Protein chains: 2
Amino acid sequence: MTAQRAVILESVAHAGGHRSAQQVYDDARRRLPGLNPATVYRTLETLHSAGLVDLYANGGHSLRFSLRDAEHPHAHLVCSSCGRELELDPRLVSSFGETVERRTGFRIDAHHLTLRGACSRCSSD
Amino acid sequence: MTAQRAVILESVAHAGGHRSAQQVYDDARRRLPGLNPATVYRTLETLHSAGLVDLYANGGHSLRFSLRDAEHPHAHLVCSSCGRELELDPRLVSSFGETVERRTGFRIDAHHLTLRGACSRCSSD
DNA sequence: GTTAGTGCAAACCTTTTGCAGCTAT
DNA sequence: ATAGCTGCAAAAGGTTTGCACTAAC
């Protein structure tokens, strides 16, 4: 565990996670000047393989990273129109996941669950 | 409606949809040599605005396109391990969607619903 | 001395943009 | 003439790779 990794992991943990690589990079570099983007990506990949960090795609333009929290899987609701992101009650996610598994045998990875649609503000327009 | 658009639309419709821009491009160019990637993207955007084509992000590395089928929204279950794709009973999707909307005000776009996880075969390993 | 991690720069892939030419009204 | 599409080439944004250097066991 190097200084870079510690700083990067802290940055991911920061703000409850859900940060883009760019955000992690900016944040980490503030505390560790000279840090390189490649290091950020490589480290995030390493942390992901180690099961410490989740990654998912929020809309095709960048990867997102968050601390893994095995006890509390959650879904992301991404508004296609304004880009706002909300989190969905984990219980809703798990009960849906259980229903799907019962019916199809398919086990949804709740850590990667990203649902697109329209948030309350945008759908009322 | 130009020749390019017809060919691109056909390519999207092909194989039940869910194709990357690259797949659409390769397929369309086979029938219309000289076709340009920029034209594919611009046309897909146009078709999307016209409500003929859906687009969504599948895994962060490329956009996916499919024919819009307003009558039969469906979710896709993509196995992260073997790549197999299953379709999910639309009724499960809509009831989940209704619950989410009741609780959060967020209206999930069922046309863009792609869930990753492990299929029955792979999760029993 | 071997292995793992880092910085740097360059490559890469997907997507977007500027511009000139063409086609059909 | 005008407006809309297209091809081309170049740019843009995000991510990955090759390579040499350093630090740690």
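All values derive from a computational prediction rather than experimental measurement. Chain letters run A, B, ... following the sequence lines, proteins first and then strands; every chain starts at 1.
- The phosphate of dG5(C) (OP1 or OP2) has no side-chain N or O of Thr2(A) nearer than 4.0 angstrom.
- With sequence neighbours left out, Asp26(B) forms a side-chain hydrogen bond (donor to acceptor under 3.5 Å, both in side chains) with Gln22(B).
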Could you list, one pair per line, each protein nitrogen or oxygen that sits under 3.5 Å from a nitrogen or oxygen of nucleotides 22-25 of chain D, together with the distance?
none

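- The stretch residues 41-54 of chain B participates, sequence neighbours left out, in these salt bridge (charged side-chain N to carboxylate O under 4.0 Å, His left out) pairs: Asp54(B)-Arg68(B).
- Taking Phe96(B) as the reference, Phe96(A) meet the ring-ring contact (aromatic ring centres under 6.0 Å, His included) condition, with sequence neighbours excluded.
- For the OP1/OP2 pair of dT6(C) and a distance below 4.0 Å, the side-chain nitrogens and oxygens of Thr43(A) include at least one atom meeting the criterion.
- Regarding Gln23(A), its CD atom lies at a distance of 17 Å from the P atom of dG13(D), rounded to whole Å.
- Using a 4.0 Å cut-off on heavy atoms, none of the residues of residues 48-55 of chain B approach DNA chain D.
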Under 4.0 Å protein heavy-atom contact, by nucleotide of nucleotides 15-20 of chain D - B base, S sugar-phosphate only
SBBB--

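- Between the P atom of dA4(C) and the CD atom of Gln4(A) lies a distance of 17 Å, rounded to the nearest Å.
- Residues satisfying the side chain to side chain contact (heavy atoms under 4.5 Å, CB included) test with Ala118(A), not counting sequence neighbours, are Ser123(A).
- A distance-only check finds no donor-acceptor pair linking the side chain of His18(A) to the backbone of Ser66(A) [under 3.5 Å].
- Rounded to whole Å, atom C1' of dT6(D) lies 10 Å from atom CD1 of Ile8(B).
- With His76(A) contributing its side chain and Glu87(A) its backbone, the two residues share no donor-acceptor pair below 3.5 Å.
- Rounded to whole angstrom, the span from the CG atom of Leu47(A) across to the C1' atom of dT6(C) amounts to 15 Å.
- What separates CG of Leu44(B) from C1' of dT6(D) is a distance of 15 Å, to the nearest Å.
- Under the ring-ring contact (aromatic ring centres under 6.0 Å, His included) criterion, no residue pair touches residues 26-46 of chain A, with sequence neighbours excluded.
- In this view, Tyr25(B) and Arg29(B) satisfy the side-chain hydrogen bond (donor to acceptor under 3.5 Å, both in side chains) rule, not counting sequence neighbours.
- Within the structure, side chain to side chain donor-acceptor pair (under 3.5 Å) pairs that include any residue of residues 90-101 of chain B comprise Asp89(B)-Arg91(B), Glu101(B)-Arg107(B) (at least two apart or interchain).
- Rounded to whole angstrom, the span from the CD atom of Glu45(B) across to the P atom of dT17(C) amounts to 10 Å.
- To the nearest angstrom, C1' of dG7(D) lies 9 Å from CG of Leu35(B).
- Here Asp27(A) pairs with Ser11(A), His14(A), Arg19(A), Arg30(A), Arg31(A) under the side chain to side chain contact (heavy atoms under 4.5 Å, CB included) rule; sequence neighbours left out.
- The side chain to side chain contact (heavy atoms under 4.5 Å, CB included) search around Thr2(A) returns Gln4(A), Arg5(A), not counting sequence neighbours.
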